[in-house]
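Structure, as structure tokens:
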There are 2 protein chains.
Amino acid sequence: MGTSLHESETQALASCAAAYPADLTILLHAATNRVTIYLDHAAAEMGLNDARDWLVLSALEDGQQRTQLELSRVVCVDKTTLITVLDRLERQELIVRTVDPSDRRVRIPQITDAGRRVFATFATARDAAEARALDGVSKADREVLMRLLGRIATDTDTLATTA
Amino acid sequence: MGTSLHESETQALASCAAAYPADLTILLHAATNRVTIYLDHAAAEMGLNDARDWLVLSALEDGQQRTQLELSRVVCVDKTTLITVLDRLERQELIVRTVDPSDRRVRIPQITDAGRRVFATFATARDAAEARALDGVSKADREVLMRLLGRIATDTDTLATTA
DNA sequence: CTCGGATCGTCTGGACTCGGATGATTGTGT
DNA sequence: ACACAATCATCCGAGTCCAGACGATCCGAG
């Protein structure tokens, strides 16, 4: 499934970043696309469909009981789209959908042992990639990066001006 | 066209960032989504369909003559998808497709004066948003952010390990 | 108890994306 | 001059996304 696209996208992104090196917006997109491509590739290598599949697994990994709707909010995936992800993960026996006996409307997706293993291997692969991407970067600089990204991600003022 | 979705996405992103504050991958996604939502909103306000519409305009703004295929590579938009963007921009008279007399296969999209005006107003809105998002951040920290993002975006080693 | 509104998961229809096919045009070898 | 591969824009089809509709279930008011 679509493994040959990585090559061309990689090239395209390279020229992208080269063309607009000073623009925060473009840089954000380019950096995100880059890690997305890598993560999708890593996910495909271990039988997952997407980096999003792993994201869902990671949200389930803490064992906390969550409704599908709650889960969709946590991982920022549309509730409709989440269904297809859960269907796929369930078919691969990485999760199971349990029914809450106290409320038969809701389904509680829960990670299986197999799912936990896939999550763990993916997580180490991702951590290695992150470490490599930031290799040689000082602790202080990393902290700056994370802090500013977090600020951009959660800054409500940026959006408030449009209202 | 889909203006009501901004609200819900914003909420979702907020919880997203809160749930995984230490993960570079998640932070990148959350930050990018945030600025994308803002830019899409700003684009819609001035009659554009997308932030991507503006991205295409920005690539045409330097007046350099580019083939559609070249353009698609510069802005990281699939050549097929670019067609629909150009069709829309042409319908709005923000660009024109000219034919290269020396090679009648190619179309050279060129920005019009109206397109230049839309680009300029959007650019100032974006710059203001970026300035607000980084308000109070020291020059040195900004430089760190841009440099590391650029490095992540262009780092070839990260992908090379998958081959 | 029962009715009505709220909330869950799922389904559906229309729009978008993108790999590959197609047609037009180019240049190159002979 | 002519065949033929290469390259451009465009079209098409399979896959995906998501807002809204829907049935099932819960809960509070009467």
Side-chain angles (χ1 to χ4, degrees), chain A residues 1-13 33 36-37 40 43-44 48-53 55-56 65-91 95-110, chain B residues 1-13 33 36-37 40 43-44 48-53 55-56 65-91 95-110:
Chain A
M1 43 183 94
T3 49
S4 63
L5 96 168
H6 294 302
E7 201 99 15
S8 59
E9 282 195 18
T10 302
Q11 265 186 325
L13 284 169
N33 283 348
T36 299
I37 290 172
D40 281 350
L48 293 178
N49 190 67
D50 236 16
R52 221 182 23 198
D53 283 18
L55 184 64
V56 171
Q65 308 243 330
R66 271 189 261 261
T67 292
Q68 290 189 192
L69 199 59
E70 289 168 351
L71 183 59
S72 80
R73 278 194 279 260
V74 168
V75 297
C76 300
V77 172
D78 183 85
K79 68 184 163 67
T80 309
T81 306
L82 180 63
I83 290 178
T84 69
V85 175
L86 292 178
D87 285 347
R88 184 169 43 237
L89 292 176
E90 196 171 35
R91 221 177 303 124
I95 67 152
V96 288
R97 279 186 175 96
T98 64
V99 270
D100 183 349
S102 72
D103 185 347
R104 283 184 301 177
R105 287 173 304 176
V106 308
R107 302 281 177 275
I108 310 284
Q110 285 186 308
Chain B
M1 45 183 90
T3 48
S4 63
L5 94 168
H6 294 302
E7 200 99 14
S8 60
E9 283 195 16
T10 302
Q11 264 186 325
L13 283 168
N33 283 348
T36 299
I37 290 171
D40 281 350
L48 294 178
N49 190 68
D50 236 19
R52 220 182 26 196
D53 283 18
L55 184 63
V56 171
Q65 307 243 331
R66 270 189 263 259
T67 293
Q68 289 189 192
L69 198 59
E70 290 168 350
L71 184 60
S72 80
R73 279 193 278 259
V74 168
V75 297
C76 300
V77 172
D78 183 84
K79 67 186 162 63
T80 309
T81 307
L82 180 63
I83 290 178
T84 68
V85 175
L86 292 177
D87 284 348
R88 183 168 45 237
L89 292 176
E90 197 171 35
R91 218 177 305 124
I95 66 152
V96 288
R97 279 186 175 98
T98 64
V99 270
D100 183 349
S102 74
D103 185 346
R104 283 184 301 176
R105 286 173 305 180
V106 307
R107 301 282 176 277
I108 309 285
Q110 285 186 307

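Predicted, not measured: the structure shown is a model, and the values here were computed from it. Here is how names work: the chains are called A, B, and so on, in the same order as the sequence lines, proteins then strands, and each is numbered from 1. Side chains are part of it too, since the values below use all heavy atoms of this structure and drop only hydrogens, waters and symmetry mates.
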Residues in salt bridge (charged side-chain N to carboxylate O under 4.0 Å, His left out) with Asp50(B), at least two apart? Arg52(B)
Once side chain to side chain contact (heavy atoms under 4.5 Å, CB included) is applied, do any residues pair with Arg97(A), and if so which ones, sequence neighbours excluded? Gln68(A), Ile83(A), Leu86(A), Asp87(A), Glu90(A), Arg107(A)
Considering only nitrogen or oxygen atoms on both sides, find all protein atoms under 3.5 Å from nucleotides 9-16 of chain D and state each distance.
{"residue": "dA9(D)", "atom": "OP1", "partner": "Gln68(B)", "partner atom": "N", "Å": "2.6"}
{"residue": "dA9(D)", "atom": "OP2", "partner": "Leu69(B)", "partner atom": "N", "Å": "2.9"}
{"residue": "dT10(D)", "atom": "OP2", "partner": "Gln68(B)", "partner atom": "OE1", "Å": "3.2"}
{"residue": "dT10(D)", "atom": "OP2", "partner": "Gln68(B)", "partner atom": "NE2", "Å": "2.9"}
{"residue": "dT10(D)", "atom": "OP2", "partner": "Arg97(B)", "partner atom": "NH2", "Å": "3.4"}
{"residue": "dT10(D)", "atom": "O4", "partner": "Lys79(B)", "partner atom": "NZ", "Å": "3.3"}
{"residue": "dC11(D)", "atom": "N4", "partner": "Thr80(B)", "partner atom": "OG1", "Å": "3.3"}

Here the distance between atom C1' of dT7(C) and atom CG of Asp103(A), to the nearest Å, is 8 Å
Has Arg104(A) got a side-chain N or O lying under 4.0 Å from the OP1 or OP2 atom of dC8(C)? no
Applying the 3.5 Å cut-off to both distances, the Watson-Crick or G-U partner of dG30(D) turns out to be dC1(C)
In whole angstrom, give the distance that lies between atom CG of Leu82(B) and atom C1' of dC18(C). 13 Å
In whole Å, what is the span from the CG atom of Asn33(A) to the C1' atom of dC18(C)? 15 Å
Apply salt bridge (charged side-chain N to carboxylate O under 4.0 Å, His left out) to Asp103(B) and list each qualifying residue two or more places apart in sequence or on a separate chain. Arg105(B)
For Asp78(A), which residues count as a salt bridge (charged side-chain N to carboxylate O under 4.0 Å, His left out) partner, sequence neighbours excluded? none
All heavy atoms of Ala43(A) vs all of Ala51(A), minimum pair found to be CB-N, 4.0 Å
If each of Asp78(A) and Ser102(A) is mapped to the nucleotide of DNA chain D with the nearest heavy atom, which maps nearer the 5' terminus, i.e. the 5' end? Asp78(A)
Can you sort out the partners of Gln65(A) under side chain to side chain contact (heavy atoms under 4.5 Å, CB included), two or more places apart, ordered by chain and number? Ile108(A), Gln110(A)
